[in-house]
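Below is one structure; the comments refer to it alone.
In the text below, chain A, chain B and the rest are named by the order of the sequence lines, each starting its count at 1.
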There are 2 protein chains.
Amino acid sequence: MKKPLYLKLVSSLKSHIQKNMHKGQKLLGEREIAERFNVSRYTVRQALDELEKTGYIYKVHGKGTFVSEKSVPTALNEVYSFTEQMKSLGKVPETNLLEFKVFNSDKRLSSKLKINLGNKVIRLKFLRKADQVPMMIEKTYLPFAKFSTLTLNDLENNSLYSVMSKTFHQSIHLVSESIRACLISNQDADLLSVEHHSPCLEVNRTSYNKLQEPIEYTFCIARSDQFVYNYKYIHHDKK
Amino acid sequence: MKKPLYLKLVSSLKSHIQKNMHKGQKLLGEREIAERFNVSRYTVRQALDELEKTGYIYKVHGKGTFVSEKSVPTALNEVYSFTEQMKSLGKVPETNLLEFKVFNSDKRLSSKLKINLGNKVIRLKFLRKADQVPMMIEKTYLPFAKFSTLTLNDLENNSLYSVMSKTFHQSIHLVSESIRACLISNQDADLLSVEHHSPCLEVNRTSYNKLQEPIEYTFCIARSDQFVYNYKYIHHDKK
DNA sequence: CAGTGGTCTAGACCACGTT
DNA sequence: ACGTGGTCTAGACCACTGT
């Protein structure tokens with residue numbers, strides 16, 4: 001266990017809050033928590049900051065620290081996960097890998113992934129379903145140089161993001177997305193079992209690691225009658 | 001000047017980076033910055049954390065602190081602002097207030113704003129244009145209790161969010177959005193000058209203050225041929 | 001006024017990456 | 001071995017909220 005002290009505090013506090021406290025209830029003061037756990041106030045503040053960032057608590061200057069609404073902690077500033085979203089909506093998610101191939105990047109992909117034109121990329125195509133209803137088609141492009149040893153087997157029981165971070169040590173730090181509405185192509189309409197010329201949601205996502213290198217470019221088409229894109233984030237005030 | 005020390009450091013460093021440094025370049029170490037500015041290392045870390053959160057720099061354990069891509073700093077974990085987005089795309093934004101009225105909440109609104117059924121709400125309707133092309137219709141609902149003295153005049157020269165935060169001390173802390181694609185209604189199509197039955201983007205946003213109280217509910221309809229919803233955020237790792 | 005979170009200091013040691 | 005950022009201590013004072 002190389003876990004820092006404050007993260008242990010985070011775990012302790014989190015489980016204590018979930019078990020014994022309700023929304024709006026006031027926590028002990030920072031000084032008192034520090035004394036109880038026999039750590040410095042700085043460490044307590046780090047733990048509370050972490051809990052605030054993940055949406056479990058909020059602090060008010062001069063008043064104290066309080067438990068958040070229970071609804072808040074889910075998927076806060078997280079990369080969108082179809083699987084997690086569907087689970088939270090009480091649906092059973094399912095993902096089929098339709099394609100796994102390596103090819104040379106064209107102009108568009110090389111600029112998205114900031115690699116040289118012609119450098120190899122891995123292309124993954126997923127069909128995602130919820131309660132057996134097809135919901136979205138996802139095409140993901142990875143720079144081959146960073147994921148050259150990726151195999152089908154890696155993706156068998158793990159999400160792409162966990163493989164990227166655990167096996168290849170490429171964690172997502174920054175995400176840039178753009179979303180638009182358009183009419184679905186006939187081919188995609190057939191895959192998603194919707195009528196031709198239906199409206200659909202188109203999501204473009206580029207993810208960067210901490211060194212600001214693109215590690216993923218994803219293009220999604222989602223059927224509009226079933227699928228809603230949800231997310232939450234903590235607004236970062238400019239001071 | 002009640003600005004804390006570390007925020008002054010943020011300003012100094014930010015302007016220094018923008019003037020004299022380029023992406024990927026390494027900054028001085030934390031200890032050296034502390035010495036130069038004659039502050040403690042803790043204060044330097046606070047300033048650097050702030051700059052990392054807003055996307056100007058990134059830190060790597062054992063290596064140092066580096067300047068980010070120039071493209072990154074815009075609109076990071078910020079509430080979506082039509083005006084800012086259009087400006088950054090080189091377009092001239094324009095906002096027309098079409099409606100300003102107070103009425104009693106129905107079931108849907110009272111649940112969205114967590115107020116009692118029948119409590120008063122303010123309804124604002126905006127038409128937003130870019131380069132004189134109508135782009136989206138925005139209907140915003142505010143709980144009357146928190147903004148009872150809001151006047152048309154307040155909105156004349158200021159954005160709604162700045163009025164909410166500066167005049168009414170209601171700053172946005174948490175945002176929850178959902179996005180879907182659908183077909184536009186005939187009425188909205190006429191307002192946006194698009195053909196009937198065009199696809200459109202529908203955005204629902206509820207914003208909360210630090211006390212987790214809803215302070216705004218907004219419903220947007222955007223034309224799909226012109227409008228793309230862009231945003232960026234720092235991914236918050238679960239540890 | 002007391003109590004809270006927010007800022008700040010001056011130290012210390014640890015974990016990571018490079019030389 | 002050295003320099004980096006990450007964690008941590010034990011204090012201090014400030015700013016805000018309530019009584």
For [N] and [X] - does any side-chain N or O of the residue sit under 4.0 Å from the phosphate oxygens OP1/OP2?
| X | N | value |
| --- | --- | --- |
| K63(B) | dC16(C) | no |
| T65(A) | dT4(C) | no |
| Y42(B) | dT9(C) | no |
| R45(A) | dG6(C) | yes |
| T43(B) | dT9(C) | yes |

How close or far is atom [atom2] of [N] from atom [atom1] of [X], stated in whole angstroms?
| X | N | atom1 | atom2 | answer |
| --- | --- | --- | --- | --- |
| E35(B) | dG11(C) | CD | C1' | 15 Å |
| L5(A) | dC13(C) | CG | P | 17 Å |
| I33(A) | dG5(C) | CD1 | P | 7 Å |
| Y6(B) | dC14(D) | OH | C1' | 14 Å |
| E32(B) | dC2(D) | CD | P | 17 Å |
| L211(A) | dG17(C) | CG | P | 11 Å |
| R31(B) | dG11(C) | CZ | C1' | 11 Å |

Per [X] side chain, nearest of listed nucleotides [options]:
| X | options | answer |
| --- | --- | --- |
| P4(B) | dT9(C), dT7(C), dG5(D) | dT7(C) |
| Q46(A) | dG6(D), dC8(D), dT9(C) | dC8(D) |
| S40(B) | dT4(C), dA10(C), dT4(D) | dA10(C) |

Are E50(B) and K14(B) close enough for a salt bridge, meaning some N to O gap below 4.0 Å?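 Salt bridge between E50(B) and K14(B), a charged N being under 4.0 Å from a carboxylate O: no.
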Hey, are R36(A) and E32(A) close enough for a salt bridge, meaning a charged N less than 4.0 Å from a carboxylate O? yes
Under 3.5 Å: donor-acceptor pair, side chain of [X], backbone of [Y]:
| X | Y | result |
| --- | --- | --- |
| K210(B) | K59(A) | yes |
| S105(B) | L117(B) | no |
| S207(A) | E216(A) | no |

In terms of the nearest nucleotide of DNA chain C, which residue is placed more toward the 5' end: V39(B) or K210(B)? K210(B)
Of R41(A) and H61(B), whose closest DNA chain D nucleotide lies nearer the 5' terminus? H61(B)
